[in-house]
Amino acid sequence: MISFWHWISAPRHGWQLTAFIFGALAIGCGVLALLASTTPRYRKTLVAAVTFLAGLYYAIEFLIPPSLWPLDPPRNPFSEVQPLVGTLTQIIWSFALFLGVWNLFLIHGRAVAKRSRGWYNSAAFFISFFAIMGAGLLKDYAHGPVAKVSQSVFTILFSGFLTSLDATMFSLIAFYIVSAAYRAFRVKSLEAGLMMAAAGIIMLALVPVGAEITNWLPSTGFLSALRVERMGYWLLTSPNMAAQRAIAFGIAVGGLAMGLRIWLSLERGNFFDRQL
Amino acid sequence: MSEASQYASPAVWIVESLLAFFILWKILSARRGRELFIRRIPGLSALDEAVGRATEMGRPILFAPGLSGLDIVGLQSMAILSHVVRKAAKYGTRVIVPLADPVLYTVAEEVAKDAYNAEGVPEQFDAEDIRFLSDRQFAWASGVVGILHREQVASALYFGYYFAESLILAENGQMIGAIQVAGTPATTQIPFFLASCDYTIIGDEYYAASAYLSREPTLLGSLVGQDMGKLVIIGIIALGSIAFTANAIWPNVGWLCDLTNTIAKYFPRS
């Protein structure tokens, strides 16, 4: 079984690669046609079965350690095919990316064609899309001076524009934190007052002047707990950490319950009832 | 990666089995018709208020699933989207959904289409309202900020997985005066949403959303099962804390040493 997976996932070139691509497309179309031709009742059963089997793979892969498998040397055979499963997921994602790009073309193409408000932004999308795609392809596949120029253009577009724009958006957060903090720290209730006090202590604990304020207190013994840097550290590592872990714990249990419902096709409600 | 961290330890087996048992048991008992109570979650009740406000103002709603992909976070987000679109469809209000994951984009499109069909107004579905923007974090964020300002949305709903972009979106929503409701399992982003949004659902309330909104017995049962599982785990934590504290005070008591050793064996510190 494992050797089959190794055989199917081995790198291929030339006619074998072409055959595999067309073969996979033919099988995919066949499965889709089969799904479309079955009645909704069977389709639902089929989808539930595939969902269960896919979930079972990950459950077995994680829950049964290699030492429990009767194999020599001890190993979990399901772990060995995990790279292949990861590749399959990536292929599905790549197909979906094409749909995403198609949606972008549709929306921005209409905006340019209709000359709707801000259409020039849509035109900028097309220009930048084709510029970075062209430069990216040419730098990898062209030779000689074309490849060199393409590499430079790609570097300008990617590092000069895209990375810088990303950094610009990220740096805006600093200003938004100030405005959000202003609203959050208005003392309107006891809880807001407590939060303000805790935030004040932590801010002071993180700057040198904070430590200076309580530097006259002894660094050991009972009174040392009142030093600002100690109080700040305690607030972060005890009450804050406890609350964070409690929230994370609830989220993990909620996630497990939802995963279990989806795995066993027990999920109900708005979308899941009608979709199958 | 060591075997201990890559595969389930006995503690994981015990905890996951307990949780799965309680969840499935309660789902089955709820399906048999047992009445179950679920407390009010203000953030989820506010979803109807957000739809109503957008309808009154004649402006669209923005529903952003964050950077979620097609995982349980994304699927939960889609369940909430379905509820919001159905509510909005009743009043003819637009819902704009900007997406960062191409796989989730295809699902969101189907969810929206399905919701309009279910409300009997398929003609209200506009494919341009379900938009794939970019899979890059800040490119997506700047796209959403642009939509917030251009469309002057009345309500902004953030349900999904968020990273640093959460505050950028929520603060821009504040700027345009939108009513904002957020829910995310990303614990690092909850404080930012709390500071900038009108309502924020925290922790496992995010996963309780589909049960709360649909009142479906299966989902309510799952929620009660989760709580029972949590109670048992809290009991284990309390027992461990008491046992280790007592062992530190009375280190020579034999059975206390045995108990703490057993707990440490099955629940080792990571």
Side-chain angles (χ1 to χ4, degrees), chain A residues 61-67 76 79 92-93 96-101 103-104 106-107 110 117-118 121 162 165-170 172-173 176-177 179-181 183-184 244 246-262 264 266-275, chain B residues 3 6-8 13 16 19-20 23-24 27 72 75-76 78-79 82-83 86 102-103 105-106 110-111 114-115 118 127-128 131-132 135-139 141-142 150 164 167-168 170-171 185 187 190 192 194-196 202-204 206-208 210 213-214 216 218-219 222-223 225-226 229-230:
Chain A
E61 199 278 322
F62 175 64
L63 290 173
I64 304 177
S67 51
N76 184 336
S79 300
I92 295 169
W93 194 88
L97 185 64
F98 172 75
L99 290 172
V101 172
N103 176 259
L104 279 171
L106 213 66
I107 289 171
R110 273 185 202 154
R117 203 160 64 103
N121 292 320
L162 198 60
L165 287 169
D166 271 353
T168 308
M169 281 303 285
F170 186 61
L172 284 175
I173 294 170
Y176 290 134
I177 284 177
S179 61
R183 263 196 315 281
Q244 291 255 13
I247 293 170
F249 175 60
I251 288 169
V253 174
L256 179 88
M258 177 135 187
L260 198 67
R261 291 199 305 265
I262 291 173
L264 301 175
L266 290 170
E267 185 65 3
R268 293 287 178 271
N270 298 311
F271 167 59
F272 293 92
D273 273 348
R274 272 171 283 277
Q275 190 57 26
Chain B
E3 183 175 306
Q6 194 183 348
Y7 299 102
W13 267 95
E16 291 206 348
L19 284 169
I23 291 164
L24 293 175
I27 285 176
I72 50 169
L75 285 172
Q76 184 62 31
M78 291 300 104
S82 176
H83 174 84
R86 285 190 68 169
V103 182
Y105 153 70
T106 55
E110 286 304 310
V111 167
D114 194 58
E128 286 196 18
R131 304 175 191 176
F132 171 74
D135 60 347
R136 283 182 76 88
Q137 181 185 14
F138 290 111
S142 60
R150 276 195 307 277
L167 194 62
I168 297 175
E171 278 300 297
T187 48
I190 290 170
F192 297 125
L194 279 169
S196 300
I202 61 171
D204 54 345
Y206 180 76
Y207 291 109
S210 51
L213 296 171
S214 68
E216 176 69 39
T218 303
L219 304 182
S222 162
L223 212 54
Q226 272 168 246
K230 272 192 272 183

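- With B:F132 as the fixed residue, the side chain to side chain contact (heavy atoms under 4.5 Å, CB included) test singles out one of A:L99, A:I107, A:N103: A:N103.
- With chain B as partner, the option from A:Y176, A:F98, A:F170 having the largest number of non-hydrogen pairs under 4.5 angstrom is A:Y176.
- Only the backbone of B:R150 comes within less than 4.5 Å of a heavy atom in chain A; its side chain stays farther off.
- At a 4.5 Å heavy-atom cutoff, B:L194 makes no contact with chain A through either its backbone or its side chain.
- Residues A:A96 and B:V103 approach most closely at CB-CG2, 3.5 Å, considering heavy atoms.
- Both the backbone and the side chain of B:I168 come within less than 4.5 Å of a heavy atom of chain A.
- Listed options B:G203, B:G229, B:A115 were ranked by heavy-atom pairs under 4.5 angstrom with chain A; first place goes to B:G203.
- For A:L260, the part lying near chain B is the side chain, with the backbone staying farther off; criterion is any non-hydrogen pair under 4.5 Å.
- Counting heavy-atom pairs closer than 4.5 Å to chain B, the top residue among A:N121, A:L104, A:I251, A:I247 is A:I251.
- Between atom CD of residue B:E216 and atom CZ of residue A:R261 there is a gap of 10.5 Å, rounded to the nearest 0.5 Å.
- Between chain B and the residues A:A181, A:A248, A:S179, the largest count of heavy-atom pairs under 4.5 Å involves A:S179.
- Interface residue A:L264: only side-chain heavy atoms are found under 4.5 Å from chain B.
- In this structure, OH on B:Y105 lies 11.5 Å from CG on A:L97, to the nearest 0.5 angstrom.
- B:A170 does not touch chain A: none of its heavy atoms, backbone or side chain, sits under 4.5 Å away.
- No other option in A:V101, A:L162, A:T168, A:L106 has as many heavy-atom pairs under 4.5 Å with chain B as A:L162.
- Atoms CD1 and CG, on A:I177 and B:L167 in that order, are 6.0 Å from each other to the nearest 0.5 Å.
- With a 4.5 angstrom heavy-atom cutoff, B:L223 does not touch chain A via any of its atoms.
- Inter-residue side-chain proximity for B:E171 and A:L172 is flagged as unmet; no heavy-atom pair is nearer than 4.5 Å.
- Looking at B:Y7 and A:E61, their side chains come closer than 4.5 Å, going by heavy atoms from C-beta outward.
- Looking at heavy atoms from C-beta onward, A:M258 lies out of side-chain contact with B:Q226 at the 4.5 angstrom threshold.
- For the atom pair CG (A:L165) and OG (B:S142), the distance works out to 8.0 Å, reported to the nearest 0.5 Å.
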